[in-house]
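In each ligand, atom 1 is the first atom listed, and ligand 1 is the first ligand listed. FYI, side chains are in, hydrogens and waters are out, and symmetry mates aren't considered; it's all heavy atoms of this structure.
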Amino acid sequence: LVGDQRVDKSVDSVCPYCGVGCLLIYKVKDNKIVAVEGRDGPANQGRLCVKGRFGFDYAHHAQRLTKPLIRKAGVPKDPNSTARPGDWRAVFREATWDEALEAAAGGLKHLRDTHGKKALAGFGSAKGSNEEAYLFQKLVRTGFGSNNVDHCTRLCHASSVAALLEGVGSGAVSNPVNDVEHAAFVLVIGSNPTSNHPVAATWMKNAAARGTQIVLADPRRTDLHRHAWRSLQFKADTDVALLNAMLHVVIEEGLTDADFIARRVDNFEALRAQVQLTTPEAMSPICGITPETIREVARAYATSPASMILWGMGVSQHTHGTDNVRCLIALASITGQIGRPGTGLHPLRGQNNVQGASDAGLIPMMYPNYQRVNTPEVHDWFEAFWNTELDDQPGLTVVEILHKAKAPASDPQKIWGMYVMGENPAMSDPDLNHAREGLASLQHLVVQDLFMTETAWLADVVLPASAWPEKTGTVTNTDRMVQMGRRALDLPGEAKPDLWIIQELAKRLGLAWNYAGEESGVAAVYEEMRQAMHGVIAGVSWERLEREDSVTYPCLSAEDPGQPIVFTEHFATADGRVQLVPAGFKPAAELPDTDYPFVLITGRQLEHWHTGSMTRRSQVLDAVEPHPTVSLNGSELARLGVPAGGVVTVRSRRGTVALHARRDDGMPPGTVFIPFAYAEAAANLLTNPALDPFGKIPEFKYCAVAVSAGGDL
Ligand code: SF4
């Protein structure tokens, strides 16, 4: 439809789904998107996956919230109601914006003034813009008065960020995804990019076709296997055993880069001591990969002219996710496979703006640009910058906040009220029965969203918000590219831009903000954020983004083209050197036993995005994948006596779901996979809330379940 006279306008924007950050064009007719085309963006070069191309009509869905809602007096909050949503009119009444904003802010203010500044918490969103993330965390820090602010990075790559900040001094990637074209060897571990980062996967497939050795390391044999030089289908949760065996081979066989270690790496001797006994023979029974294959892959990684590592949540979502990433950092560092084209470390970020939301300070322990809230000079700088008193202690994280929502009134950390913008913790958190009870027990919950999400059902006030194509703002992709999205649509009914809603709440909480300008002052908010993140985006002005659309940080001046590859000379640590942290193998928090003999892995699938609030309301995507399924190996289906497509029940110590079985012989026997996008069989009813002690990320990739034939759908 490019140049087609049948459309009213073509608007340049960014895909609202994954962290690849594909640039696209919305083709608009009569205030409706009628088609989407890929643009020649640096991350996609015209490519789009099925979500980017067809997942746009959620914005026009009949279930869009178009008026503010207030819970009717006397209607109880039933945590089970989220599982069987009916007509919201039985629970809520429509309200004017003035009434709803007064109720929303008034309830939060009352709890803050009654129970103290730590009584409140906020969940922002990685689906929103950088400006929304920045303003949301500023609202919590300056209006609520604490650092109890977080978002879904906690459920995604928090452990990767913890390890990277500790090891190399920066939580972002060292090289962009499409740098795989310069790599001779690529390790893809704990990631299913053809489903979760599909356009990124195309660069990997192109590289494989040109002769790059792709090694896919994952408990599931996923689609990239077809393009891989070697597939290491290791036992779930044994990443550290596999990686320590590779580290052992590299050191034992003298394949390290001694010069790089001497110049740029600290703590190598401690690593050597840690992996002295982790021989491939010793680790093979734990990880399930033969010693010969471990040796072959370790040698190939260490000796190739350029080796790159990319990983996903198969690495991060464990109670030892930080240890997993520490091993990856060690592997890249001792071989000198970082700081050059085609090398480095790349955690494939999940949502389209999870990198940017984290950069903007939407995390409880850090202000914008990962500046720690408990570092006195940083704390003082932000007190002066925001002209207010700030808490100097890190706040609670996502899972901790919902846990504290159920705490007794005597607990000084009890959370009494929350503001949730664009997140859906009643679907995304582990052990959902517990999480939903936490949300239901809040005295005041404000939810700002597009739809009556599972979380919104438990709200006191629901504020109808803006979909991505309805606003202008920036997002930052997995490659550290800050990219401009532009408004293509008018808002439906009385729905409002999120940036406007945050500012209206701030006003009612007593904050004197003034962000003048079009689109709720988005440019002014960005420019303030740029000052707070001067160390990385000083050269990325709003005006430059309007002109160039995409600029990679670090970018420190107007003339700086941006730095796609970092750590070329030194790392971002205090002494400029990698800080190695050796890690030993630890088992998962909950292991299979006779009552719960299977391992459950949860994750995403190609057509559906996270909790499904958008993609399940996109006609094409939901038509392709309309029902929740559990994937099992054919041998397990035969043992259960269930045909493919038959119904099975999956139980854990925390919950039960019934759903259709899908045969997938890429699943190892004894292991099942359930996507977490489906409310009618919510995978997170089953998952274990045990946390990684450093990243505070739950163990979504491993818990014990029982599987039986039959069940009530
Ligand atoms: Fe959107 Fe990611 Fe697909 Fe690109 S790969 S179109 S960013 S979902």
In terms of atom number and element, which parts of ligand 1 are under 4.0 angstrom from non-hydrogen atoms of [X]?
| X | value |
| --- | --- |
| Gly52 | 6 (S) |
| Gly21 | 7 (S) |
| Pro198 | 5 (S) |
| Val199 | 4 (Fe), 5 (S) |
| Tyr17 | 8 (S) |
| Cys15 | 1 (Fe), 6 (S), 7 (S), 8 (S) |

Under a 3.5 Å threshold, yes or no: a donor from one side chain and an acceptor from the other, between Thr615 and Ser618?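 Thr615 vs Ser618: no donor-acceptor pair found between side chains.
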Can you tell me if Asp359 and Asn369 form a side-chain donor-acceptor pair at under 3.5 Å?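 There is no such pair between these side chains.
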So, His197 and atom 2 (Fe) of ligand 1: N/O/S under 2.8 Å, yes or no? no
Mark yes or no for whether Asn684, through its side chain, and Met427, through its backbone, hold a donor-acceptor pair below 3.5 Å. yes
Closest protein heavy atom to [atom], given as residue, atom name and distance to 0.1 Å:
| atom | answer |
| --- | --- |
| atom 2 (Fe) of ligand 1 | Cys18 SG, 2.3 Å |
| atom 4 (Fe) of ligand 1 | Cys22 SG, 2.3 Å |
| atom 6 (S) of ligand 1 | Cys49 N, 3.4 Å |

Side-chain touch Thr476/Asn353, heavy atoms, less than 4.5 angstrom: yes
pair Asp150-Thr153: side-chain heavy atoms closer than 4.5 Å: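 Asp150 reaches Thr153 side chain to side chain.
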For Glu625, which of Arg616, Arg662, Lys51 qualifies under salt bridge (charged side-chain N to carboxylate O under 4.0 Å, His left out)?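 Passing option: Arg662.
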Min heavy-atom dist Leu48 to ligand 1 below 4.0 Å: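 It does; at least one heavy atom falls under 4.0 Å.
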Does NZ or CZ of Arg604 lie under 6.0 Å from the centre of the six-membered ring of Phe676, at an angle within 45° of the ring axis?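 Ring-cation test returns no.
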Are any of the side-chain nitrogens in Asp218 or Lys701 under 4.0 Å away from the carboxylate oxygens of its partner?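 No.
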